[in-house]
Amino acid sequence: MSTSFGEREDAPVRSVPGARATRTGLIALAVPHLEEPYFAELSSRLVRGAEARGLAVLIVQTEGDHAREVDVANGHGLPDIDGLIHIPRSLTVADLTRRTSPGPLVLLGEHIQVSPFTHITIDNREAAHTATAHLIEVGCRRIAFVGRRDARPSDAADRRHAGYLEALSAAGIAIDPVLTAQVDSFTAEEGERVVSGLAAAIGDLDGIVCSNDSVALGALAALAALGRRAPQDVAVIGIDDIRAARFSVPALSSVAPDHEQLVDAAFTELERQLSTPLGADLPVRHVVIPSRLVKRASTAR
């Protein structure tokens, strides 16, 4: 079944044991790191969306720690809440099926791609394909991908890397493993560190697809320090379209999720669970949010 959100009811029907007869008006939002601009901005959008619906939000920063994510999923240390919006980084399907406080739950992101729980994400593979194809269109041929993390795998980063490889193959560009760079974290500091070495080692590097905008901002700083001009020498693009992308020098091209649809889908799905009678069967929905290319100066060759 399809909707404007790219909704798929492709998971099993399940009962909803946790919908409250009396609501508290409070929901919890579990987020890995508020220092990461994308998560901070997403949290802000969700808070505004909650306020527009007469809800208050308790934000819990999990640091991506497995034990903390499990505790939040189980309601440990939380007051009475109507439901939970969870952006997991370590949580597993097994953890969720063992929840001791199985109230309404909406998952955001791609860490848990297939599960019997409502899940909202962007198409990360397609986002990176779009970013890479854009660099190819502006003339880049030696295009790096900065943002794999094999030491602590990230499903989103893996899918973005796959989209990058697919775009290269579709354009008939040979895949060179040397052009894929690992990061320890998805931060500007890591982008700067990794691209400093990459650009110094690969003289004909002419394009960089970054796993997110924070990494891309660090990449721009590294190129400037090396005297490599963006976009004339090396075009750079990120994914997520954080606010800072507009104000970097040069302004950063990015692939932007439809933030309004993401927030609306999160609350639509939460309300669907909240309004379902206790014990009733409810089809699980996996909702894919569209994204679009935002062209700025960092790729204007």
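Asp206 approaches Gly139 most closely through the heavy-atom pair OD2-O, 4.1 Å. For the residue pair Leu226 and Ala200, the shortest heavy atom distance occurs at CD1-N, 4.2 Å. Considering all non-hydrogen atoms of both residues, Leu91 and Pro88 come closest at CB-CB, 3.7 Å. For the pair Gly238 and Ala216, the tightest heavy-atom approach, listed with the atom from each and the gap, is CA-CB, 4.0 Å. Nearest heavy-atom pair, Val183 versus Gly147, reported as atom, atom and distance to 0.1 Å: CG2-CA, 3.9 Å. In plain terms, the two heavy atoms of Ser214 and Pro37 that are nearest each other are OG-CD, 3.5 Å.
Side-chain contact check for Arg45 versus Glu41: some heavy-atom pair is nearer than 4.5 Å. The shortest distance between side-chain heavy atoms of Phe267 and Val106 does not fall below 4.5 Å. In this structure, Leu84 and Val72 have side chains that are in contact, with non-hydrogen atoms separated by less than 4.5 Å.
Of the charged side-chain nitrogens involved, at least one lies within less than 4.0 Å of a carboxylate oxygen, so that Arg125 and Glu166 count as a salt-bridged pair. Remark: Arg48 does not engage Glu51 in a salt bridge, criterion side-chain N to carboxylate O under 4.0 Å. Taking the charged nitrogens against the carboxylate oxygens, Arg296 and Asp241 do have a contact shorter than 4.0 Å, which makes a salt bridge. Salt bridge present: Glu269 and Arg285 bring a charged side-chain N and a carboxylate O closer than 4.0 Å. The pair Arg142-Asp204 counts as a salt bridge, with a side-chain nitrogen and a carboxylate oxygen less than 4.0 angstrom apart. Salt bridge annotation for Asp258-Arg292: absent, with no cationic side-chain nitrogen under 4.0 angstrom from a carboxylate oxygen.
Side-chain contact annotation: Asn124 with Arg160, donor-acceptor N/O pair under 3.5 Å present. Judged by distance alone, the side chains of His66 and Asp95 do bring a donor and an acceptor atom under 3.5 Å apart. Looking at Gln273 and Glu271, their side chains never bring a donor and an acceptor atom within 3.5 Å of each other. For the residue pair His33 / Glu63, a side-chain donor-acceptor distance below 3.5 Å is found, with atom types taken as modelled. Judged by distance alone, the side chains of Thr24 and Asp82 do bring a donor and an acceptor atom under 3.5 Å apart.
Among Thr121, Val263, Ile289, Leu262, the one residue that satisfies the side-chain contact (heavy atoms from CB on, under 4.5 Å) test with Leu108 is Leu262. The one candidate from Ile143, Leu205, Val146 that meets the side-chain contact (heavy atoms from CB on, under 4.5 Å) condition with Leu179 is Leu205. Of the candidates Val284, Val287, Thr268, Thr118 forms a side-chain contact (heavy atoms from CB on, under 4.5 Å) with just one, namely Val284.
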Q: Under the salt bridge (Lys or Arg N to Asp or Glu O under 4.0 Å) rule, what do Arg89 and Asp155 come out as? Steps first, then yes or no, please.
A: CA-CA 9 Å; Arg89 282 293 171 270; Asp155 287 353; over 6 Å; no
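In this structure, the ring of His161 has its center less than 6.0 angstrom from the ring center of Phe145.
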